[in-house]
Amino acid sequence: MAATTDIRLDRIKHEYEGVRNAQDALFDKVDSFETALLGLTEAVAANRELIEANHDWTQRQFAEVNEKLDRLMAHLDVPPKPPAGFVKE
């Protein structure tokens, strides 16, 4: 029994180091995912602020383009668009 004690202790040490290395690798991956997720969250928040800041300007631009299209269609005598969907007869 005494002859194998050193071998057994060495085996336990290597098993422990293997488990510890695997855990360290896993924790490093989790940390990198967390960093990436936090970066994406910040990017989404920044984009949302930009979208909200440009919302009024965008709405004014659409209204202006729609008005121009309406005037152009009236000038060219384009008939109104028929109703979409099912029509009761």
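Since we're looking at a predicted model, the values are computed, not measured.
- As a member of the Ile/Leu/Val/Met/Phe/Trp/Tyr network built from side-chain separations under 4.5 Å, Phe27 groups with nothing else and remains a singleton.
- Under the side chain to side chain donor-acceptor pair (under 3.5 Å) criterion, the residue pairs touching residues 53-64 are Glu64-Lys68, with sequence neighbours excluded.
- With sequence neighbours excluded, no residue forms a side chain to side chain donor-acceptor pair (under 3.5 Å) with Arg71.
- Considering only residues two or more places apart in sequence or on other chains, Asp10 meets the side chain to side chain donor-acceptor pair (under 3.5 Å) condition with His14.
- Glu67 meets the side chain to side chain donor-acceptor pair (under 3.5 Å) test with no other residue; sequence neighbours excluded.
- Think of Leu72 as one node in a network of Ile, Leu, Val, Met, Phe, Trp and Tyr side chains linked at under 4.5 Å; its network also takes in Met73, Leu76, Val78.
- Taking CD of Glu17 as the reference point, atom CZ of Arg20 lies at 10.5 Å (rounded to 0.5 Å).
- When each of Val19, Leu26, Asn21 is paired with Gln23, the side chain to side chain contact (heavy atoms under 4.5 Å, CB included) condition holds for Val19 and for no other.
- Within the structure, side chain to side chain donor-acceptor pair (under 3.5 Å) pairs that include any residue of residues 28-49 comprise Arg48-Glu52 (at least two apart or interchain).
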